Amino acid sequence: IIDMKIFKKLYQRYKDMGTLLWVVCVFLVAIIVYYTLPVIDMIQAGGDERLLGWAYVCNLLALVVLCVNILRLDCRNLLSHKTANLLETSGYFIILLMLIRNRIVRESDSLSDSWDYSLDWMTIMLFGFLLQFVGKIVRRAVKLKEEQDLTI
């Protein structure tokens, strides 16, 4: 009986997401399973490979935070303060992780000169700023909805 209540609650929450829920879950599990062991091996190695491993940890954490926050969204009420908070917090966390990642990469002589690593860092950081921007748009829309007493 309890399992059915939980299932019904989750079904109501995620039914409007369609297959996105399954894609995010599979993507999250695949990332964790596929990349965890190679990254641990890199961290256990010495020198620049260790720094590269920690840079990958920052990338993986950013992806995991994004996937988990997508799963935390309530599809029944997307235009809410909770959605805005999730988007903004994800953006801040991703930017923080990319700043840490950039600091780690700059410590390495071979990685700091590579154009690919700087482009990767800036692209993911731009995505963090985009999440913050969308979060502020959602927050403004919620405020307008509350002021106008609109039902969406």
Side-chain angles (χ1 to χ4, degrees), residues 6 9-146 152:
I6 293 172
K9 182 179 177 182
L10 289 174
Y11 178 75
Q12 288 293 322
R13 185 173 182 165
Y14 294 117
K15 72 178 179 181
D16 295 333
M17 264 184 137
T19 59
L20 181 63
L21 174 69
W22 298 110
V23 169
V24 169
C25 287
V26 168
F27 185 70
L28 183 60
V29 170
I31 286 172
I32 291 170
V33 168
Y34 186 73
Y35 287 109
T36 301
L37 291 176
V39 169
I40 290 173
D41 290 340
M42 285 182 182
I43 291 173
Q44 290 177 348
D48 286 342
E49 199 163 319
R50 173 178 285 184
L51 295 174
L52 179 62
W54 283 113
Y56 284 148
V57 166
C58 290
N59 287 352
L60 289 173
L61 282 175
L63 285 172
V64 168
V65 164
L66 183 65
C67 290
V68 167
N69 282 333
I70 287 173
L71 293 175
R72 290 180 60 203
L73 288 176
D74 187 359
C75 294
R76 295 171 292 179
N77 190 17
L78 284 176
L79 200 56
S80 66
H81 289 288
K82 180 181 176 185
T83 302
N85 288 339
L86 284 172
L87 291 171
E88 288 179 357
T89 304
S90 297
Y92 286 123
F93 197 71
I94 288 172
I95 290 171
L96 175 68
L97 284 170
M98 290 304 107
L99 290 173
I100 293 170
R101 181 191 181 280
N102 186 40
R103 180 71 180 147
I104 290 169
V105 169
R106 286 183 186 254
E107 293 294 320
S108 168
D109 293 330
S110 63
L111 296 177
S112 61
D113 297 334
S114 176
W115 181 76
D116 294 340
Y117 288 105
S118 63
L119 182 63
D120 179 35
W121 167 76
M122 287 189 276
T123 304
I124 298 172
M125 184 174 256
L126 178 65
F127 187 69
F129 282 118
L130 214 67
L131 283 172
Q132 287 179 339
F133 181 69
V134 171
K136 298 219 184 283
I137 290 173
V138 169
R139 188 174 307 285
R140 179 72 178 139
V142 169
K143 184 177 177 185
L144 286 172
K145 179 181 134 183
E146 290 172 351
I152 296 178

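Being a predicted model, the structure only gives us computed values, none of them experimental.
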How many angstroms lie between CG in Leu63 and CZ in Phe127, if you round to the nearest 0.5 Å? 9.0 Å
Hey, what do you get for CG (Leu51) to CZ (Arg103), rounding to the nearest 0.5 Å? 11.0 Å
Indicate the atoms forming the closest heavy-atom contact of Cys67 with Leu28, along with that distance. CB-CD1, 3.9 Å
Quick check on side-chain contact (heavy atoms from CB on, under 4.5 Å): which of Val138, Asn69, Leu131 does Leu86 satisfy it with? Asn69
Return yes if some donor-acceptor pair links the side-chain N/O of Asn102 with the main-chain N/O of Met98 below 3.5 Å, else return no. no
In the structure I gave you, are the side-chain heavy atoms of Thr89 and Tyr92 within less than 4.5 Å of one another anywhere? no
Report the C-alpha separation of Met42 and Arg50 in whole Å, then their side-chain angles, then the decisive distance to 0.1 Å, and conclude whether the side chain to side chain contact (heavy atoms under 4.5 Å, CB included) test is met. CA-CA 5 Å; Met42 285 182 182; Arg50 173 178 285 184; over 6 Å; no
How long is the gap from CG on Leu66 to CZ on Phe27, to the nearest 0.5 Å? 8.5 Å
Are more than 12 heavy atoms, taken from residues, nucleotides or ligands other than Lys82, located less than 6.0 Å from that residue's NZ atom? yes
Rounded distance (nearest 0.5 Å) linking atom CZ of Arg139 with atom NZ of Lys143: 11.0 Å
Any side-chain heavy-atom pair of Leu79 and Lys145 under 4.5 Å: yes
For Ala84 against Gly135, the heavy-atom pair lying closest together: CB-O, 3.5 Å
From Ile104 CD1 over to Leu99 CG, what is the distance, rounded to the nearest 0.5 angstrom? 11.0 Å
Nearest-0.5 Å distance that lies between atom NE2 in His81 and atom CD in Glu146: 4.0 Å
Does Arg101 use its side chain to pair, donor to acceptor, with the backbone of Cys58 at less than 3.5 Å? no
